[in-house]
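To start, the structure under review is shown below, and the notes come after it.
Here, residue 1 is the first one in the sequence, and each next residue gets the next number.
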Amino acid sequence: RRYQVRRELLTTEQTFVSSLDTLVEVFYNPLTEAAKSSKTRILSEEDIHLLFSNILVIIQLNRQFLKDLEAHVNPSASLQDLRRDAEDNDGGADDAGDGDDAKEQRREENEKKPNEASTKQLGALFLGFAPYFK
């Protein structure tokens, strides 16, 4: 489950960064370029600044956050991590002859043994970027 949460955070951030890139490529850059000439001006530079404010800083920050999040979520997976994820997702191969109660108990035990280093690293990642998330 924790892996699924980490993956969801990652895919959400990937989508957000992609949307920001599209916003800049489709709107910000063309409007900024057009504002340089009185013939092609659609909006003044002041209006563009009001609309997009600090979009370039936001993109830079979120790209770095995404890079760090990717490193956290997709590290070189160890065999132990892969086994733990498999057990979390399908109960593991050892559960074939067990009843549902035994499988559920084993899953709960695995969840009680979280990869604390991983959890702390993810928390530290968010804390490191917290001052910028407003």
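The distance between the ring centers of Phe52 and Phe27 does not fall below 6.0 angstrom.
Put simply, the side chain of Leu43 does not reach to within 4.5 Å of the side chain of Leu50, judged on heavy atoms. Using a 4.5 Å heavy-atom threshold, the side chains of Glu13 and Val17 count as touching. Contact of the Leu10 side chain with the Leu66 side chain is registered, since non-hydrogen atoms from C-beta on lie closer than 4.5 Å.
Checked by atom type, the side-chain pair Asp68/Gln64 shows a donor-acceptor distance below 3.5 Å. In the model, Thr12 has a side-chain atom that pairs as donor or acceptor with a side-chain atom of Glu8 under 3.5 Å.
The closest donor-acceptor contact from the side chain of Ser18 to the backbone of Gln14 lies at 3.5 Å or more, if one exists at all.
For the side-chain contact (heavy atoms from CB on, under 4.5 Å) test with Ile59, the passing option among Leu61, Asn62, Ile55 is Ile55; the others fail.
Connection of Val26 to Ile48 is established within a shared hydrophobic cluster, with ILVMFWY side chains joined at heavy-atom distances below 4.5 Å, either directly or through further cluster members. Cluster membership for Tyr28 and Ile42, using ILVMFWY side-chain heavy atoms within less than 4.5 angstrom, is shared. Phe16 and Leu9 are assigned to two separate hydrophobic clusters, defined by single-linkage of ILVMFWY side chains at heavy-atom distances under 4.5 Å.
One distance of note links CZ of Arg6 with CG of Leu69; it measures 10.0 Å at 0.5 Å rounding. Here Phe133 contributes atom CZ and Leu127 contributes atom CG; the two are 10.5 Å apart, rounded to the nearest 0.5 Å.
Annotation for Glu45 and Ala35: closest pair CG-CB, 3.9 Å, computed over non-hydrogen atoms.
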| field | Trace of the ring-ring contact (aromatic ring centres under 6.0 Å, His included) decision for Phe65 with Tyr132 | value | CA-CA 11 Å; Phe65 180 66; Tyr132 306 104; over 10 Å; no
| task | Run the numbers on Asp21 and Arg63 for side-chain contact (heavy atoms from CB on, under 4.5 Å), then give the verdict. | result | CA-CA 10 Å; Asp21 286 336; Arg63 283 184 184 148; 2.4 Å; yes
